[in-house]
Participant: 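Handing you this structure, nothing more for now.
Keep in mind that the numbers below use all heavy atoms, side chains included, and drop hydrogens, waters and symmetry copies. Every chain is numbered from 1, with letters handed out A, B, ... down the list of sequences.
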Amino acid sequence: VPLPTDMNDEEFAKNYLRKLYNMQEESKSSFGHKISEMSLKLGEMQEFFGLKVTGTLDAETLEMMKKPRCGVPDVAA
Amino acid sequence: YTAGSSSNKWSTNKLTYRIENYTPDMTVAEVDVSIEKALQVWARVTPLRFTRIYSGVADIMISFTVGEHGDGSPFDGPDGLLAHAFGPAPGLGGDTHFDDDETFTFKSSNGYNLFLVAAHEFGHALGLDHSRDPGALMNGIYTYRDVDSFVLPQDDVNHIQALYGSNPEL
């Protein structure tokens, strides 16, 4: 279940996705709809780690992001 | 130029490495042994052979550093990002950097075991990407394992042997 996150968590997650999932912009247009880049990248990260793919910053995803890790991106840029 | 993520491989099986500096967390001998053991993890299952040099430019330049350190991939202080490495290429390629804001250890599970972090990073330096297998050494998340009984997981063996082949001496 997506939980409300504070701004620190949101910023932390954005930095994580910029560094490790090549997130470059906040949103992009596709077929006339604005698609959240962050949501796409969250889904990519959740899929990579075998988490439930929600595209939202839920507690499980945030917990995974806070684990110590290698600084190399998980997916090729 | 991004740390890691490469499908490249070295064009030679004979690679050099150089330890440029040391972490204050461990003795020089402990760092030397950890690095050597971490390279041997990969040498044991491939034709790759590693020679240490003490001056000049090695294929794999190893350093302990903090924060922004000139490669466009800054470290972030304690915890979080522990290290990174660049895939096979001239220049920065192969180079492996450890975040010296971490506490690295030789045997203890308190802090981050240098052998385990280094073995993972050298996988990148040899051309491997992160694995989705949570049990693989090349999974991006740090997991402590008993270093004395460490055996390279099969997922990692498969990927490195796909690049370089198996050890002809076994």
Participant: May I ask you to name which of B:H97, B:H130, B:H120 has the most heavy-atom pairs under 4.5 Å with chain A?
Facilitator: B:H130
Participant: What part of B:T143 lies closer than 4.5 angstrom to a heavy atom of chain A: side chain, backbone, both or neither?
Facilitator: neither
Participant: Considering only NZ, NE, NH1 and NH2 on the basic side and carboxylate oxygens on the acidic side, decide whether B:D155 and B:R132 come within less than 4.0 Å.
Facilitator: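 Answer for the salt bridge query: no.
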Participant: Are B:R52 and B:D32 within salt-bridge range, i.e. N to O under 4.0 Å?
Facilitator: yes
Participant: Does a side-chain N-to-carboxylate-O contact under 4.0 Å join A:K66 and A:D9?
Facilitator: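 A salt bridge is present here (some side-chain N lies under 4.0 Å from a carboxylate O).
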Participant: Side chain, backbone, both or neither: which part of B:F75 has a heavy atom under 4.5 Å from chain A?
Facilitator: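 Neither part.
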Participant: Does NZ or CZ of A:K41 fall inside the cone over A:Y21's six-membered ring, less than 6.0 Å from its centre and within 45° of the axis?
Facilitator: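 Relative to the ring axis of A:Y21, which defines the angle, A:K41 lies outside at least one limit.
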Participant: Between A:M64 and chain B, with a heavy-atom cut-off of 4.5 Å, which part of the residue counts as in contact: side chain, backbone, both or neither?
Facilitator: both
Participant: Which region of B:E121, side chain (C-beta onward) or backbone (N, CA, C, O), has a non-hydrogen atom less than 4.5 Å from a non-hydrogen atom of chain A, or is it both or neither?
Facilitator: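 The side chain, not the backbone.
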Participant: Determine whether B:I53 and B:W10 fall in the same hydrophobic cluster, where Ile, Leu, Val, Met, Phe, Trp and Tyr are linked whenever their side-chain heavy atoms lie under 4.5 Å apart.
Facilitator: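 No; tracing contacts between hydrophobic side chains, which count when under 4.5 Å, never links both residues.
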Participant: At a 4.5 Å cut-off on heavy atoms, which part of B:D76 comes close to chain A: side chain, backbone, both, or neither?
Facilitator: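 The side chain, not the backbone.
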Participant: What about B:F150 and B:F115, are their ring centers closer than 6.0 Å?
Facilitator: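 That pair passes the under 6.0 Å test.
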Participant: With chain A, which of B:D133, B:L81, B:V117, B:D79 has the greatest number of heavy-atom pairs at distances under 4.5 Å?
Facilitator: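 When all of B:D133, B:L81, B:V117, B:D79 are compared, B:L81 has the most.
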Participant: Measuring heavy-atom distances to chain A, does B:N139 have an atom under 4.5 Å in its side chain, in its backbone, in both, or in neither?
Facilitator: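 Side chain of B:N139 only, per the 4.5 Å heavy-atom cut-off to chain A.
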Participant: Taking side chain as everything from C-beta outward and backbone as N, CA, C, O, which of these in A:F49 sits under 4.5 Å from a heavy atom of chain B? Side chain, backbone, both or neither.
Facilitator: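 Just its side chain gets close to chain B.
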Participant: Sort out for me which residue in B:R49, B:R44, B:Q161 forms a side-chain hydrogen bond (donor to acceptor under 3.5 Å, both in side chains) with B:N167.
Facilitator: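 The passing option is B:R49.
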